[in-house]
Amino acid sequence: MKVITEAILRAELKATEPEVYYIPEGKILSPAAREYLNQMQIDIDHERNRVKTAEAQVAIKESRPPESAVARYIDYETGAGYSEKPEHMTQLFGNRLVDKDHPRIRYRGKLDRLQADTVYAQTMIAKAENSEKILRDLDDILVTLRELMRCEVMDEPFTRETIIGLDHDTLREQSHFPMKYFNIRQMTLPEYSMGMTYALLNLLRAEVRELEVISVEAFKEKRRIERSDIVEELNRLSSALHIMMCRYLAGEYSK
């Protein structure tokens, strides 16, 4: 996915001052570019919505609604206008509405649940073991999950480069070769005798894998993934939790 930087944006808008900047398909704005548009008081929308909005305006015009009927919300899928938000719909971003079972909303719901389960796991582990190291790593997992939520809602690129203190290449390396780094065989499956902490870590890992599948459905447009940065980060998160499981078995959290 290509990123539109502030420099690119300044050059593109050098001779124009549009009311709305439409983000082209397959591209995202850098935080600096988004801030520049905000400073210029230029609204931000997606290219695909330009046609939908135009069609909605034509439909509204043809139906000749009374002047008092103002479309406060726009259906993201059809471009239809609403003066009030229907109960079965929710905001995707801005005033764009989708049904509450839309793949993007289901993704957000599952991501919200995963954050809640991470906090629950921390609570249980703090009560049972109070291991500062493992709680600190789970804090970092939680920060990553919250950043995933923020950048998707704000339509910004995900830029965090480490999880549990490891960069992306190291996460992949240690997750693929746990015997080399922890003297632990790969994906040691849990059983009740291995304790609650290990079971909770495995539960979070499995939930991340489930969320990764949901994210593909949420961000797929005609077999192309719009937010590959989010899908890739979820894959790294499952690797990070696998590494935490290995660290636990290797006794690194009890040192």
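Residue numbers count from 1 along this sequence.
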Query - Partner set under side-chain hydrogen bond (donor to acceptor under 3.5 Å, both in side chains) for Q186, not counting sequence neighbours - result: none
Query raised in the report: Which residues satisfy the side-chain hydrogen bond (donor to acceptor under 3.5 Å, both in side chains) test with T197, sequence neighbours excluded?
Result: E129
Taking all heavy atoms of [X] and all of [Y], pick out the closest pair and write down the distance.
X: M179; Y: R185; answer: CE-N, 3.7 Å
X: K27; Y: I23; answer: O-CG2, 3.2 Å
X: L29; Y: P157; answer: O-CD, 2.9 Å
X: K110; Y: L211; answer: CG-CD1, 3.6 Å
X: C246; Y: P178; answer: SG-CB, 3.7 Å
X: I74; Y: G81; answer: CD1-CA, 4.1 Å

Is the backbone of [Y] close enough, under 3.5 Å, to the side chain of [X] for a donor and an acceptor to pair up by distance?
X: R108; Y: L92; result: yes
X: N202; Y: P190; result: no
X: D99; Y: D101; result: no
X: T162; Y: D167; result: no
X: T170; Y: L166; result: no
X: K85; Y: Q91; result: no
X: T188; Y: I184; result: no

Query raised in the report: Please walk me through it: do E152 and R227 pass salt bridge (Lys or Arg N to Asp or Glu O under 4.0 Å)?
Result: CA-CA 8 Å; E152 187 270 324; R227 293 303 304 264; over 6 Å; no
Requested in this report: Count the heavy atoms belonging to other residues, nucleotides or ligands that lie under 6.0 Å from NZ of K100, then report whether that count exceeds 12.
Outcome: yes
Query raised in the report: Hey, is CZ on R113 packed in by over 12 heavy atoms from elsewhere, all under 6.0 Å?
Result: no
In Å, rounded to the nearest 0.5 Å, how long is the span from [atom1] of [X] to [atom2] of [Y]?
X: M124; Y: L200; atom1: CE; atom2: CG; value: 7.0 Å
X: R236; Y: H168; atom1: CZ; atom2: NE2; value: 4.0 Å
X: I163; Y: E147; atom1: CD1; atom2: CD; value: 11.5 Å
X: S215; Y: L148; atom1: OG; atom2: CG; value: 9.5 Å
X: Q115; Y: L145; atom1: CD; atom2: CG; value: 5.5 Å
X: D155; Y: F93; atom1: CG; atom2: CZ; value: 7.0 Å

Requested in this report: Under the ring pair (Phe, Tyr, Trp, His ring centres under 6.0 Å) rule, collect the residues that match up with Y21, sequence neighbours excluded.
Outcome: none
Query - Set of residues satisfying ring pair (Phe, Tyr, Trp, His ring centres under 6.0 Å) with respect to Y181, sequence neighbours excluded - result: none
Query raised in the report: Between V98 and R104, does a side chain to side chain contact (heavy atoms under 4.5 Å, CB included) hold up when you go through it step by step?
Result: CA-CA 9 Å; V98 292; R104 289 275 287 270; 6.0 Å; no
Requested in this report: Given side chain to side chain contact (heavy atoms under 4.5 Å, CB included), test Q174 with H242 step by step and report yes or no.
Outcome: CA-CA 9 Å; Q174 291 192 10; H242 177 216; over 6 Å; no
Going by heavy atoms in the side chains, are [X] and [Y] under 4.5 Å from each other?
X: Y76; Y: L97; answer: no
X: I4; Y: S30; answer: no
X: H102; Y: M89; answer: no
X: M244; Y: I164; answer: yes
X: I214; Y: P103; answer: no
X: F182; Y: R247; answer: yes

Report summary line: salt bridge (charged side-chain N to carboxylate O under 4.0 Å, His left out) filter on D43, not counting sequence neighbours, yields none
Query raised in the report: Which residues satisfy the salt bridge (charged side-chain N to carboxylate O under 4.0 Å, His left out) test with E252, sequence neighbours excluded?
Result: none
Requested in this report: Step by step, work out the side chain to side chain contact (heavy atoms under 4.5 Å, CB included) result for I125 and L138.
Outcome: CA-CA 10 Å; I125 292 170; L138 284 172; 3.8 Å; yes
Query raised in the report: When you look at R224 and E221, which way does the salt bridge (Lys or Arg N to Asp or Glu O under 4.0 Å) test go after all the steps?
Result: CA-CA 5 Å; R224 180 176 59 82; E221 289 285 344; over 6 Å; no
Connected via hydrophobic side-chain network under 4.5 Å: [X] and [Y]:
X: L204; Y: V119; answer: no
X: L142; Y: Y120; answer: no
X: V153; Y: L114; answer: yes
X: Y73; Y: I105; answer: no
X: L249; Y: M245; answer: yes

Query raised in the report: With a 3.5 Å cut-off and no angle check, do the side chains of R172 and S239 form a donor-acceptor pair?
Result: no
Report task. Kindly indicate, with the supporting measurements, whether the criterion salt bridge (Lys or Arg N to Asp or Glu O under 4.0 Å) is fulfilled by R160 and D140. Result -> CA-CA 11 Å; R160 202 159 190 259; D140 199 62; 2.6 Å; yes
Requested in this report: Would you check, one step at a time, whether the test side chain to side chain contact (heavy atoms under 4.5 Å, CB included) holds for R146 with V143?
Outcome: CA-CA 5 Å; R146 287 171 175 169; V143 167; 5.9 Å; no
Query raised in the report: Given V208, which of I141, L203, L237 fulfils the side-chain contact (heavy atoms from CB on, under 4.5 Å) condition?
Result: L237
Query raised in the report: With under 30° as parallel and over 60° as perpendicular, where do the rings of Y248 and Y253 fit, or are they tilted in between?
Result: tilted
